[in-house]
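This report refers to the structure that appears directly beneath it.
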Amino acid sequence: MIFKIPADTPMTLELLQKYIAKHKTANTEMVKIHDAYENEYEIYDMAAKDDGKPDNRVSVNVIKYIIDTFGGFFCGIPIKTMSEDEAVSDYVQFLDAYNDQDDNNAELAKLMDIDGEAFEMYYADEEGEICITYLSAMDAFMFCDESILERPLYFVRWYKSEIDGEENVIHGSWSDGTYVQHFANRGGVWRWEDEPKQHGFKYLPAVRYVENAEATGLCHSILPLNDAYNKALSEKCNDVDYFADAYMKILGAKVDESDIPHVKRDRILNFTGDGEQLPEVDFLAKPQADETQEHLLDRLWNAMFITAMVANISDEDFGNSSGVALKYKLQAMSNLAKTKERKFSSGMNQRYKIIFSHPLAQVHGISATNWIGMKYTFTQNYPANVADEIDNAKNAEGIVSHRTQLEMISTVEDVDQELERIAEETAEAPPAIDDAFNKTGDVNGKSA
C-alpha cells in the first residue's frame, strides 16, 4: 500500500502515528483473504441454529488451492537471472544462494497473489553481506510523492509484540534514501528508539511489487463465491443429518411410551388394524431440493475458477488433454502469469539497482549501473514431455544457436553451466565424438 504526501514532508512521530492507524484500517480487507487462505471462512462465524437443528460447518478452501496452483505455475520453476557480465552473474548467483532467493521469490509471489502487492526490503547484516527479505502488505507501507511518477519517499515497517508484560507494543522502522531509524509505541507514547543511521544504499532500500496495475489479489473477487459455496455445502450436510434423524409418523395406532425404545433398537413394528383402516407408519420428510443444490454447487465451483482465471488441474477431464488442447485450457492462467511476469521483472530491476548502489556490492567489482541489461527468464510450469522437448531441440539444429536449443529443454536449469560442460566434454572427447549436437565448432554456435 502506498500513501501520497508532498515531497517536502519530513518524517515525524505524528506522521507515523497517523498513517499506521490508516494502514490498520486498510488491512481489514486483507485480513479476510489471509484468513480464507488459512481456512478461516465466514461460515465458522455465523450464528448457531436454534432448537438443536443440524448445524454443520464445512469449508472447501478453494482460495488456497487457486493461489498455490497459480504460484506453482508462475514460479514453480525458479526464475533465472542472467547477465552478460561474468562478474555480475557470479555476484548475483552468490546473492541468490546467500539469501535463499528461490524461496524468497516464491513467497514474494504468493504474497502478491494474496494481497495484490508485497514488499521486498534490503539491508546489510553482521557478516557484511547484503540481505533480501520479503514483507506482506499487512506489515509495511510506502510513502510516495504526489507526482504522476509516484517517487518513493519513505518506507515503513511495523509489527506488534509483548515487552515487559505490556502487550501489543508497536515496533518498527522507517527508511528514506539515506537513513533508517527505529520507533516504538509503549504505554501509548510514541518515541524514537535510536538515532537515524545511514543504511549505505543510494536509494530507498525497499521495492513494492504489484500483481497488476490495480494491485488486486488473485482471489479478491471470488471470496464471496467461496463463502456461498461453503454455505450451500454446509446446508447440504445439514440435510443429510436431517434425513438420518427423521421423525417417525404413526397414524391410526396408539404406541405406548415403553414400546418406543424397542422400536428404535429392534426396528420392528407390529400393529393390527380395526378392520376398516390400517395404521399408517412412515417418516416425516421435509421437501428436498437435491437437484437444485447440486446445480448451485456446480455453478459456484465453476464460477470460482473462471473468475480467478486459474485452471482446475484436479478436474477429471483436465488430465486427458495434451499438446495444444492443454495449452488452450491453460491460456487464461498463462495470460495472468505474463502480466505478473512484467510486474515482477520491473521489481527485480529495482532490486538490483538498489543492491548494486551499495558499497558492499561495489567491493565485488559491481558497478552501480550493472543492473541495466540484466535478463530474467520465467518458465511457466506446464506439464512437460521431456522426450518431445529434446526432439524439438534436435530439429532446431542449424536453425538456432546451441543456447536457444538448450533453453527449449525444461530439465536444463542453467544454460550457461550446461554450455560450459559441453565445451569441457568436447575438448576432452576423442576426434570421433563432437559436441552434444554432433556439430563441430564452438558451442555458442560460432564456426571453428
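The residues of the chain are indexed from 1 along the displayed sequence. These values consider heavy atoms only, across backbone and side chains, with no hydrogens, waters or symmetry-generated copies.
- Each of Tyr154, Phe143, Trp158, Phe141 was evaluated against Trp174; a single residue qualifies, Tyr154, per the ring pair (Phe, Tyr, Trp, His ring centres under 6.0 Å) test.
- Here the closest heavy-atom approach between residue Ser175 and residue Val180 is recorded as OG-CG2, 3.5 Å.
- Counting only N and O atoms by type, the side chains of Tyr98 and Asp125 include a donor and acceptor under 3.5 Å apart.
- Between Glu117 atom CD and Thr216 atom OG1 the span is 10.5 Å, to the nearest 0.5 Å.
- Summarising the geometry of Ile43 relative to Ser234, their closest heavy-atom pair is CG1-OG, 3.7 Å, with the distance given to 0.1 Å.
- Taking a 6.0 Å sphere around NZ of Lys197, one finds it holds 12 or fewer heavy atoms contributed by other residues, nucleotides or ligands.
- Heavy atoms of other residues, nucleotides or ligands lying less than 6.0 angstrom from CD of Gln181 number more than 12.
- Side-chain atoms of Asp145 and Ser147 form a donor-acceptor pair, as typed in the model, at a separation below 3.5 Å.
- Counting heavy atoms from C-beta on, the side chains of Val62 and Leu225 never come closer than 4.5 Å.
- Taking 4.5 Å as the limit, every side-chain heavy atom of Glu407 sits out of range of all side-chain heavy atoms of Val412.
- The minimum heavy-atom distance linking Asp176 with Pro205 is given by the pair O-CD, 3.5 Å.
- Of all heavy-atom pairs spanning Gly76 and Asn381, the tightest one is CA-ND2, 4.2 Å.
- There is a side-chain donor-acceptor pair under 3.5 Å between Tyr41 and Asn61.
- Between the CD1 atom of Ile170 and the CD atom of Gln17 there is a distance of 9.0 Å, given to the nearest 0.5 Å.
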**OP:** List the steps, then state whether side chain to side chain contact (heavy atoms under 4.5 Å, CB included) holds for Ser345 with Phe378.
**Re:** CA-CA 9 Å; Ser345 295; Phe378 296 79; 3.2 Å; yes
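- Listed for the Thr307 side chain is a donor-acceptor partner under 3.5 Å among the backbone atoms of Ala303.
- Panel note: side chain Arg57, backbone Met46; a donor-acceptor pair is recorded below 3.5 Å.
- By the 30° and 60° cut-offs, the orientation of the rings of Tyr65 relative to Phe305 is perpendicular.
- A heavy-atom distance below 4.5 Å is found between the side chains of Lys375 and Glu84.
- Side-chain contact between Asn99 and Glu129 is absent, with no heavy-atom pair separated by less than 4.5 Å.
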**OP:** Any chance you could lay out the side chain to side chain contact (heavy atoms under 4.5 Å, CB included) test for Tyr91 and Asn370, step after step, and finish with the verdict?
**Re:** CA-CA 11 Å; Tyr91 183 59; Asn370 275 147; over 6 Å; no
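- Between Leu297 and Lys236, the shortest heavy-atom distance links the atoms CD1-CD, 3.9 Å.
- Between Tyr382 and Phe73, the ring planes are perpendicular. Angles over 60° get that label, and only those under 30° would be called parallel.
- Among residues two or more places apart in sequence or in another chain, the side chain to side chain donor-acceptor pair (under 3.5 Å) test is passed with Asn39 by Ser59.
- A pairwise comparison of heavy atoms in Leu360 and Ala124 identifies CD1-CB, 3.8 Å as the closest pair.
- In this structure the side chain of Cys75 never reaches within 4.5 angstrom of the side chain of Asn105, judged on heavy atoms.
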Subject >> Glu107 and Leu111: CA distance, side-chain angles, deciding distance, side chain to side chain contact (heavy atoms under 4.5 Å, CB included) verdict >> reply: CA-CA 6 Å; Glu107 291 299 321; Leu111 289 173; 5.6 Å; no
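- Distance CE/Met309 to CG/Leu336: 4.5 Å, rounded to 0.5 Å.
- A side-chain donor from one of Tyr37 and Asp68 sits under 3.5 Å from a side-chain acceptor of the other.
- Here the CZ atom belonging to Phe74 is positioned 9.0 Å from the CD atom belonging to Gln380, to the nearest 0.5 angstrom.
- Put simply, CG on Leu223 and CD on Glu29 are 8.5 Å apart, with the number rounded to the nearest 0.5 Å.
- Between the side chain of Ser346 and the main chain of Arg342, no donor-acceptor pair closer than 3.5 Å is present.
- Within the 4.5 Å cutoff, the side chain of Tyr352 has no heavy atoms near those of the Val88 side chain.
- Residue Lys80 places its NZ atom among more than 12 non-hydrogen atoms of other residues, nucleotides or ligands, all under 6.0 Å distant.
- Remark: the backbone N or O of Pro196 is not paired with any side-chain donor or acceptor of Tyr179 at under 3.5 angstrom.
- Checking Phe183, Trp192, Trp190, Tyr159 one by one against His171, the ring pair (Phe, Tyr, Trp, His ring centres under 6.0 Å) holds for a single residue, Tyr159.
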**OP:** Determine, step by step, whether Asn185 and Ile20 satisfy the side chain to side chain contact (heavy atoms under 4.5 Å, CB included) criterion, reporting the C-alpha distance in whole Å, the side-chain angles of both residues, the deciding distance to 0.1 Å, and the verdict.
**Re:** CA-CA 11 Å; Asn185 176 13; Ile20 286 176; over 6 Å; no
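- The neighbour count for His364 NE2, taken as heavy atoms of other residues, nucleotides or ligands under 6.0 Å away, is above 12.
- Between Lys343 and Glu211 no salt bridge is recorded (no basic side-chain N to carboxylate O distance below 4.0 Å).
- Within the 4.5 Å cutoff, no side-chain heavy atoms of Met348 are placed close to those of Met374.
- Between Phe344 and Tyr376, a ring centre-to-centre spacing not shorter than 6.0 Å is recorded.
- At a threshold of 4.0 Å, the pair Glu424-Arg421 does not count as salt-bridged, since none of the basic side-chain nitrogens sits closer than that to a carboxylate oxygen.
- Atom CG of Leu13 is separated from atom CE of Met11 by 9.5 Å, given to the nearest 0.5 angstrom.
- Listed by chain and number, the residues in a salt bridge (Lys or Arg N to Asp or Glu O under 4.0 Å) with Lys49 are Glu235 (sequence neighbours excluded).
- For the pair Gln362 (side chain) and Phe356 (backbone), a donor-acceptor distance under 3.5 Å is present.
- Shown are Tyr123, Tyr122, Phe119; of these, the ring pair (Phe, Tyr, Trp, His ring centres under 6.0 Å) with Phe155 is made only by Phe119.
- Considering only heavy atoms from C-beta on, His34 stays 4.5 Å or farther from Glu40 through its side chain.
- Shown are Asp96, Thr81, Leu108, Ile79; of these, the side chain to side chain contact (heavy atoms under 4.5 Å, CB included) with Gln101 is made only by Asp96.
- With Asn212 contributing its side chain and Gly116 its backbone, the two residues share no donor-acceptor pair below 3.5 Å.
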